[in-house]
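Each remark here refers to the structure printed beneath this line.
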Protein chains: 2
Amino acid sequence: MSEETGSRAEQRARTRRTLLDQSRRLFTEHGYGGVGLAEIVAAAGVTKGALYHHFDGKPALFRAVLEQVQREVGAAVAGAAEARTDPWEQLTAGCRAFLTASTAPDVRRIMLVDGPAVLGWNQWRALDESSSARHLEESLAALAESGILRPQPVAPLARLLSGAMNEAALWLAGSGDGQDLEDVWSALSRLLESQRRSE
Amino acid sequence: MSEETGSRAEQRARTRRTLLDQSRRLFTEHGYGGVGLAEIVAAAGVTKGALYHHFDGKPALFRAVLEQVQREVGAAVAGAAEARTDPWEQLTAGCRAFLTASTAPDVRRIMLVDGPAVLGWNQWRALDESSSARHLEESLAALAESGILRPQPVAPLARLLSGAMNEAALWLAGSGDGQDLEDVWSALSRLLESQRRSE
DNA sequence: CCTTTCACATACCAACGGTATGTTGAGTTG
DNA sequence: CAACTCAACATACCGTTGGTATGTGAAAGG
């Protein structure tokens with residue numbers, strides 16, 4: 001299994017990664033409040049001393065896990081958008097990528113449910129802004145500047161769409177029905193399309 | 001102050017109400033995880049025995065508080081809608097009432113932030129459905145049936161709009177700027193109006 | 001009155017997050 | 001290469017937490 005070989009830096013990295021992986025799994029299964037540090041360190045095969053050597057406490061550990069999840073979601077959104085050239089398609093592809101990515105159980109629980117409660121909404125919002133939400137507002141701003149979007153301030157619209165997609169992802173994760181994704185997607189598409197400037 | 005007069009039923013009701021009021025205040029100020037039962041019972045002037053006589057535990061107490069908050073928000077939404085006769089105005093008035101009501105600190109923290117994390121999203125969603133979200137979907141369904149709304153399934157649209165308004169309320173509560181409410185409201189109005197059937 | 005029952009108060013427990021200190025081996029230095 | 005340093009943990013412990021089991025005094029019932 002995980003031998004205690006390697007340099008000190010390797011051991012440090014491996015321990016930290018194991019802690020992150022196991023806590024992410026347990027947070028997903030039982031929620032932040034439903035899992036104790038004892039359970040986490042037991043699953044990782046270390047002790048609380050190791051955990052507190054790497055993280056400042058339980059909230060800091062959760063924050064590190066959340067940042068990891070948000071980086072992955074942000075990368076998925078950005079990747080889907082960059083695969084397109086048309087600005088409007090970049091927006092829609094990014095939104096669809098966010099919807100599918102956020103339906104995963106760990107994203108759902110860690111990012112959408114427990115995140116705001118553990119860190120407080122303001123901190124959660126700041127993290128969300130720096131990862132995936134930023135792409136949405138930038139995309140909308142570009143569309144507004146080139147006149148493709150109906151003229152309006154983009155910041156409020158970005159908030160509304162972000163909230164709409166968050167809620168939709170939570171709903172989709174619970175339904176498990178593939179048809180629901182298409183229903184939500186057409187509804188969201190209608191909302192997006194309605195903000196496109198009529199030629 | 002609160003004398004121990006009255007019949008046994010009156011004492012019971014008074015104790016329960018005090019417990020609900022104080023826990024609601026403390027949950028709002030420090031969040032669910034940030035306040036202990038000791039603090040709650042001290043503020044209410046009773047002991048843990050009284051609390052456990054009225055509620056099954058800390059999550060059950062929070063659930064009772066949440067249901068109270070949701071009833072108030074639902075009543076505000078329904079009241080604003082029923083003050084109008086035109087179906088479309090009922091929708092917009094209800095949405096605006098939800099936005100303003102959900103900006104209050106207790107609604108924000110208890111209903112929007114801690115609610116899903118404490119009860120789990122499925123239970124939270126069931127409570128939300130039975131209070132304010134139901135009005136939204138019913139209003140949309142009525143508009144769809146009478147042909148005022150662009151033909152589409154209303155359930156996904158209701159979910160998207162509900163999430164959008166939740167997020168908007170969270171943002172508005174943090175900004176404190178009165179202009180932001182108007183910005184968000186015009187953005188939301190544009191989204192709603194775009195789903196109105198063009199004559 | 002006397003008894004029962006309700007509405008709590010008191011005392012207590014296991015588990016929790018967090019800390020203080022001990023230990024070991026890799027990396028550095030003379 | 002031997003002595004030393006210090007990072008990377010392990011171990012033991014503490015105060016507090018949510019939860020429970022039991023005691024108690026006043027109101028309701030006969």
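Side-chain atoms are counted along with the backbone in the values below, which use heavy atoms only and exclude waters and symmetry mates. Proteins get letters first, then strands, A, B, ... in listed order; numbering begins at 1 in each.
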* Asked: Any side-chain N or O of B:H54 under 4.0 Å from OP1/OP2 of C:dC8?
  -> yes
* Asked: Is it true that A:R96 and A:E89 make a salt bridge, defined as a side-chain N closer than 4.0 Å to a carboxylate O?
  -> no
* Which one, D:dG18, D:dC9, C:dG27, comes nearest to the side chain of A:A50? -> D:dC9
* **Test: A:R125 and A:D128 ion pair at under 4.0 Å** => yes
* Atom-pair distance (CD1 on A:I40; C1' on C:dA15), nearest Å -> 15 Å
* Report which part of the nucleic acid A:V35 touches: base, sugar-phosphate, or nothing (heavy-atom distance under 4.0 Å, all strands). => sugar-phosphate
* Structure fact -> Here the distance between atom P of D:dG18 and atom CZ of B:R63, to the nearest Å, is 20 Å
* **DNA chain C: 5'-proximal contact among A:G33 and A:G49 (nearest heavy atom)** => A:G33
* To do: Report the distance from atom NZ of B:K48 to atom C1' of C:dC12, rounded to the nearest whole Å.
  => 9 Å
* To do: Between B:P59 and A:V46, just flag the one whose closest nucleotide in DNA chain D comes earlier from the 5' side.
  => A:V46
* Asked: Any salt bridge between B:R190 and B:E193, counting N to O under 4.0 Å?
  -> no
* To do: Could you tell me the separation between the CD atom of A:E39 and the P atom of C:dA15, rounded to a whole number of Å?
  => 13 Å
* Within the pair B:T15 and C:dC8, is there a side-chain N or O less than 4.0 Å away from OP1 or OP2? -> yes
* **Any N/O donor-acceptor pair, A:K58 side-chain to C:dG18 base, under 3.5 Å** => no
* To do: Find the distance A:L61:CG to C:dC16:C1' and express it as a whole number of Å.
  => 15 Å
* Aromatic A:Y32 / basic A:K58 pairing, under 6.0 angstrom, 45° off normal -> yes
* To do: Can you tell me the distance, in whole Å, between the CG atom of A:L51 and the P atom of D:dT11?
  => 15 Å
* To do: Rounded off to whole Å, could you give me the NE2-to-P distance for the B:H53 and C:dT10 pair?
  => 16 Å
* Asked: Can you check the B:Y52 OH to D:dT17 P distance for me, whole Å?
  -> 13 Å
* **Carboxylate-amine/guanidinium proximity below 4.0 Å for B:E10 and B:R14** => no
* To do: Tell me which nucleotide among C:dG18, C:dA9, D:dC9 gets nearest to the side chain of B:T47.
  => C:dA9
